[in-house]
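Only one structure is covered here, and it is reproduced in the block below.
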There are 2 protein chains.
Amino acid sequence: MPRVGLTRDTLVSAAADLADEIGFDHLTLAVLAERFGVRDASLYTHVRGLTDLLESVALLAHDEWADTLGRAVAGRSGHAALTAFADAYRAFATGNPGRYAATRYPVSPERLAASTGVTRIIEACYALLRGYDLVEPDATDAVRLLRSTFHGFSDLEAVGGFTADRDLDASWQRAVNALHHTLTNWSQI
Amino acid sequence: MPRVGLTRDTLVSAAADLADEIGFDHLTLAVLAERFGVRDASLYTHVRGLTDLLESVALLAHDEWADTLGRAVAGRSGHAALTAFADAYRAFATGNPGRYAATRYPVSPERLAASTGVTRIIEACYALLRGYDLVEPDATDAVRLLRSTFHGFSDLEAVGGFTADRDLDASWQRAVNALHHTLTNWSQI
DNA sequence: GAAAAAACCTAGGGCTATTAGGAATGTTAT
DNA sequence: ATAACATTCCTAATAGCCCTAGGTTTTTTC
């Protein structure tokens with residue numbers, strides 16, 4: 001029989017897609033192997049184990065996410081940058097549930113330090129703040145507030161935590177506008 | 001040999017404590033059984049299976065959380081109620097990581113509907129808004145904003161998402177004050 | 001085309017969840 | 001008190017997953 005031609009990248013990429021389909025915590029070596037018509041033991045030539053695979057998916061997700069967020073804020077500032085960032089953030093979370101969940105997988109500090117994804121996301125967050133001119137430590141406080149709100153909303157939405165009979169998009173816009181208001185009036189807080 | 005005298009409640013309570021110690025996703029029937037010096041198969045007389053146990057822990061966590069949040073807002077209003085709620089929220093998350101993680105376990109809709117925990121949490125959230133006098137749909141938007149910020153911050157903190165060299169408590173206070181500012185100036189948003 | 005490297009396989013061990021059925025311990029009724 | 005019953009906990013066994021060890025086969029390299 002011919003050889004499938006697996007690669008580490010092929011596996012990680014397919015695993016990320018699989019996570020989006022069946023959920024990150026249902027991602028298993030067995031089901032990934034099955035997708036390629038291969039035995040699970042065969043994956044160990046390309047991947048050190050399940051942990052390695054999951055960490056790799058997490059890092060991939062970070063990178064892809066950083067890309068879209070970076071594109072969102074590029075060339076924009078102030079309110080426009082904020083809404084673009086916010087919408088890109090939420091769109092990634094809802095459109096790629098598996099990757100988004102992977103984002104919270106505990107990657108080893110070494111691998112995390114070797115990757116640029118996370119820092120690029122936070123940098124994009126700082127970048128969008130430039131229009132509001134805040135100085136440290138206010139900028140860090142503001143970044144943490146933004147990330148908390150965006151992440152909290154996206155996560156609660158993903159878990160089905162919002163049940164009230166009210167349009168979610170409207171609530172989201174309100175939240176983003178509230179953040180804009182906060183950032184423009186930061187000195188009064 | 002004498003009998004251990006297990007109960008469904010004993011198991012669920014011990015499982016919650018265990019989750020706080022070793023992490024919710026390391027909670028397993030085997031380790032729970034071991035804690036009682038019992039075989040894992042013996043747990044099935046009290047619990048339908050792993051899913052049942054995890055769901056029960058989630059519901060317990062919801063209830064306990066609702067209790068503390070309810071106590072926090074009782075007798076307070078406005079800024080005092082907000083900070084009390086916020087601090088109780090974060091304290092629960094950081095002090096009970098296993099229970100907090102359990103909170104996001106997907107409980108079946110039927111069991112969720114039969115429990116009062118989640119609704120009591122949201123009610124406490126609405127209650128603290130009374131001091132800011134908002135009417136629907138603004139109140140729902142505001143509740144969603146509050147929950148998003150609190151949950152996002154707590155979750156990012158739990159995952160180790162905040163790495164900047166800046167006191168976390170200070171950032172938290174800032175976030176809470178920002179929310180207070182938003183709620184008092186809601187009409188301008 | 002032979003040697004070396006790499007991809008993939010089979011076999012098997014360990015851990016977990018789960019089911020089936022048996023033994024031991026409480027409890028209730030007479 | 002003792003017989004009948006109910007319940008707790010057990011052993012045994014299956015299945016699925018992660019993972020290791022070592023063998024075969026394909027591909028590459030010279």
Side-chain angles (χ1 to χ4, degrees), chain A residues 1-60 98 101-102 104-108 110-111, chain B residues 1-60 98 101-102 104-108 110-111:
Chain A
M1 331 83 181
R3 206 155 274 191
V4 186
L6 293 179
T7 305
R8 186 183 170 81
D9 289 348
T10 322
L11 280 181
V12 173
S13 173
D17 294 342
L18 205 49
D20 283 332
E21 293 171 28
I22 64 177
F24 182 71
D25 32 55
H26 291 105
L27 181 57
T28 156
L29 287 178
V31 61
L32 180 60
E34 190 187 21
R35 164 149 304 197
F36 287 102
V38 150
R39 297 311 181 106
D40 51 350
S42 304
L43 301 183
Y44 283 79
T45 19
H46 309 282
V47 157
R48 216 169 292 167
L50 181 64
T51 305
D52 180 23
L53 179 74
L54 297 182
E55 286 189 345
S56 302
V57 172
L59 293 176
L60 174 68
R104 254 173 331 171
Y105 184 81
V107 178
S108 78
E110 304 83 41
R111 292 192 69 179
Chain B
M1 336 77 182
R3 206 156 275 189
V4 186
L6 293 179
T7 306
R8 183 183 172 81
D9 289 347
T10 321
L11 281 180
V12 173
S13 173
D17 293 342
L18 206 49
D20 282 333
E21 294 171 27
I22 64 176
F24 182 71
D25 32 54
H26 292 105
L27 182 56
T28 155
L29 287 179
V31 63
L32 181 60
E34 190 188 20
R35 165 151 299 200
F36 287 101
V38 150
R39 298 311 182 104
D40 49 351
S42 305
L43 302 182
Y44 283 80
T45 17
H46 308 283
V47 156
R48 216 168 293 166
L50 181 64
T51 305
D52 180 23
L53 178 74
L54 297 181
E55 286 188 347
S56 303
V57 172
L59 292 176
L60 175 68
R104 254 173 331 168
Y105 186 79
V107 179
S108 77
E110 305 82 43
R111 292 191 71 179

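So you know, we letter chains A, B, ... as the sequences are listed, proteins then strands, and number each from 1. What you see is a predicted model; the values in this text were computed from it and never measured.
- Protein atom NE2 of His26(B) is 13 Å distant from nucleotide atom P of dA17(C), rounded to whole Å.
- For Asp40(B), the listed nucleotide lying nearest its side chain is dA17(C); candidates were dA17(C), dC19(D), dC10(D).
- Note on Thr28(B): a side-chain N or O is less than 4.0 Å away from OP1 or OP2 of dA17(C).
- For the pair Thr7(B) (side chain) and Asp9(B) (backbone), a donor-acceptor distance under 3.5 Å is absent.
- Residues Arg111(B) and Asp52(B) meet the side-chain proximity criterion, which asks for heavy atoms closer than 4.5 Å.
- One interatomic measurement links the two molecules: CZ of Arg8(A) to P of dA6(C), which rounds to 16 Å at whole-angstrom precision.
- At dT7(D), none of the side-chain N or O atoms of His46(B) fall inside 4.0 Å of OP1 or OP2 (strictly under the cut-off).
- Atoms CG (Asp52(A)) and P (dT20(D)) sit 12 Å apart, rounded to a whole Å.
- Closest to the side chain of Val4(A), from the set dC9(D), dT10(C), dC8(C), is dC8(C).
- Glu21(B) has its side chain within reach of Arg35(B): a pair of non-hydrogen atoms, C-beta onward, lies under 4.5 Å apart.
- Within 4.0 Å of Ser42(A), counting heavy atoms only, lies at least one base atom of the nucleic acid.
- Here dG22(C) presents its P atom at 20 Å from OH of Tyr44(B), a figure rounded to the nearest Å.
- Ser13(A) places no side-chain N or O within donor-acceptor distance of the main-chain N or O of Thr10(A), the cut-off being under 3.5 Å.
- Between the P atom of dT8(D) and the CG atom of Leu11(B) lies a distance of 11 Å, rounded to the nearest Å.
- Protein atom CG of Leu50(B) is 12 Å distant from nucleotide atom P of dT19(C), rounded to whole Å.
- For the pair Arg39(A) CZ and dT20(D) P, the interatomic distance rounds to 19 Å; values are reported in whole Å.
- Side-chain atoms of Arg3(B) come within donor-acceptor range of the base of dT7(D), with a qualifying N/O pair under 3.5 Å.
- A 4.5 Å side-chain heavy-atom check between Val57(A) and Tyr105(A) finds every atom pair outside the cut-off.
- The distance between atom CG of Leu43(B) and atom P of dT8(D), rounded to the nearest whole Å, is 12 Å.
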